[in-house]
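Have a look at the structure below, then the notes.
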Amino acid sequence: MAKLEKELWNDFDGLLERIENEIINGSSTASLEDSSDFVDGEARCSVRVFERYSAMGSNRVSMNVTLFQCGNGPVRISAITSGGSQAMVFKVNTFGEKAFLDCLQKILD
C-alpha cells in the first residue's frame, strides 16, 4: 500500500476533473470504477476509485482518491493504492502501487 496526502489551493471542481481525465487518459488500462460526492453546508467531499493493470506485478492495482474542502479553505487530498502484490501472506511486490500513485503526484505537481 502506498499513500499520498497533500493540501492545494486549487479550484475543487477543476482539480477533480483534471485528476479524473489525466488518470483515465494516462493509461490504456485505467478506469474509474466508482465515485461518490457529498456536500454538507460549506464542506465538500469527493471520492474516486480508479483501477489499472500493473505489468510489473501482473495484476490490477486500485487507487482511492479523496478530495475534501471546507468553505474557501485548501483542497485536501488523500490517495491510497492497493492490490499490487501476488503474495498470499506478505506483500512482496508493491511497484505497481507506487507507480500508480506517482501518476497522481505528477498531476498534482
Side-chain angles (χ1 to χ4, degrees):
M1 186 166 36
K3 181 166 77 170
L4 167 71
E5 292 182 333
K6 198 168 190 128
E7 282 189 4
L8 296 173
W9 289 93
N10 287 59
D11 171 65
F12 188 97
D13 294 315
L15 180 59
L16 181 59
E17 182 178 351
R18 192 169 84 228
I19 290 170
E20 287 179 353
N21 290 335
E22 291 190 30
I23 288 176
I24 291 170
N25 296 325
S27 169
S28 62
T29 64
S31 60
L32 176 61
E33 293 297 306
D34 212 340
S35 64
S36 187
D37 298 288
F38 302 95
V39 176
D40 187 0
E42 291 188 0
R44 301 176 64 180
C45 181
S46 290
V47 179
R48 301 294 183 266
V49 179
F50 300 95
E51 192 174 271
R52 79 172 190 182
Y53 179 74
S54 170
M56 296 184 95
S58 298
N59 57 6
R60 295 200 58 85
V61 178
S62 67
M63 178 167 57
N64 178 310
V65 179
T66 302
L67 277 66
F68 175 82
Q69 183 179 37
C70 189
N72 292 324
V75 179
R76 292 180 174 91
I77 301 166
S78 175
I80 300 172
T81 57
S82 182
S85 177
Q86 294 177 329
M88 290 181 68
V89 179
F90 298 104
K91 288 193 124 184
V92 176
N93 168 1
T94 59
F95 297 117
E97 294 176 17
K98 176 85 169 81
F100 204 6
L101 199 61
D102 287 345
C103 293
L104 177 62
Q105 181 65 57
K106 290 176 185 173
I107 295 167
L108 300 177
D109 286 343

When every non-hydrogen atom of G83 is compared with those of E97, the smallest separation belongs to N-OE2, 3.3 Å

Roughly how far, to the nearest 0.5 Å, is OG of S31 from CD of E51?
5.5 Å

Of the non-hydrogen atoms in L16 and S46, which two are nearest, and what is the gap between them?
CD2-OG, 3.7 Å

What I want to find out is whether D11 reaches R18 closely enough, with some N-O distance under 4.0 Å, to be called a salt bridge.
no

For N64 and T66, what are the C-alpha separation, side-chain angles and deciding distance, and is it a side chain to side chain donor-acceptor pair (under 3.5 Å)?
CA-CA 7 Å; N64 178 310; T66 302; 3.2 Å; yes

Which heavy atom of R52 sits nearest a heavy atom of A30, and at what distance?
CB-CA, 3.7 Å

Common cluster, F50/L15, ILVMFWY with side-chain heavy-atom separation under 4.5 Å:
yes

One should read off an interatomic distance between L8 CG and R76 CZ, to the nearest 0.5 angstrom, of 11.0 Å

Hydrophobic clusters here meaning ILVMFWY residues chained together by side-chain heavy-atom distances under 4.5 Å, can you tell me if V49 and I19 are in one?
no

Is the number of heavy atoms from other residues, nucleotides or ligands under 6.0 Å of K3 NZ greater than 12?
no

If we ignore hydrogens and angles and just use 3.5 Å, is the side chain of T81 paired with the main-chain N or O of A2 as donor and acceptor?
yes

So, are K98 and D102 salt-bridged, with charged N and O less than 4.0 Å apart?
yes

F68 reachable from M63 in the ILVMFWY side-chain graph, under 4.5 Å edges:
no

Can you tell me how far the CD atom of E42 sits from the CG atom of N72, to the nearest 0.5 Å?
7.0 Å

Testing the basics here: between Y53 and R60, what is the closest heavy-atom pair and its distance to 0.1 Å?
N-NH1, 3.5 Å

Say whether L4 and F100 are linked into one hydrophobic cluster, either directly or through other cluster members, by side-chain heavy-atom distances under 4.5 angstrom.
yes

Residues which pass side-chain hydrogen bond (donor to acceptor under 3.5 Å, both in side chains) with E17, listed by chain and number, not counting sequence neighbours
none

Give a yes or no answer on whether the side chain of S27 reaches the backbone of T29 with a donor-acceptor pair at less than 3.5 Å.
yes

Given side chains that start at C-beta, do those of K106 and E22 come closer than 4.5 Å, heavy atoms only?
no

Scanning both residues in full, the closest heavy-atom pair of N10 with Q69 reads O-NE2, 4.4 Å

Of all the heavy-atom pairs spanning E5 and S78, show the shortest one and how long it is.
OE2-OG, 3.8 Å

Calculate, to the nearest 0.5 Å, the distance between atoms CG and NZ belonging to L104 and K6 respectively.
9.0 Å

Should the heavy atoms of other residues, nucleotides or ligands under 6.0 Å from CG of N25 be counted, would the total exceed 12?
yes

Hydrophobic clustering (ILVMFWY, side-chain heavy atoms < 4.5 Å, transitive) - are L32 and L108 grouped together?
yes

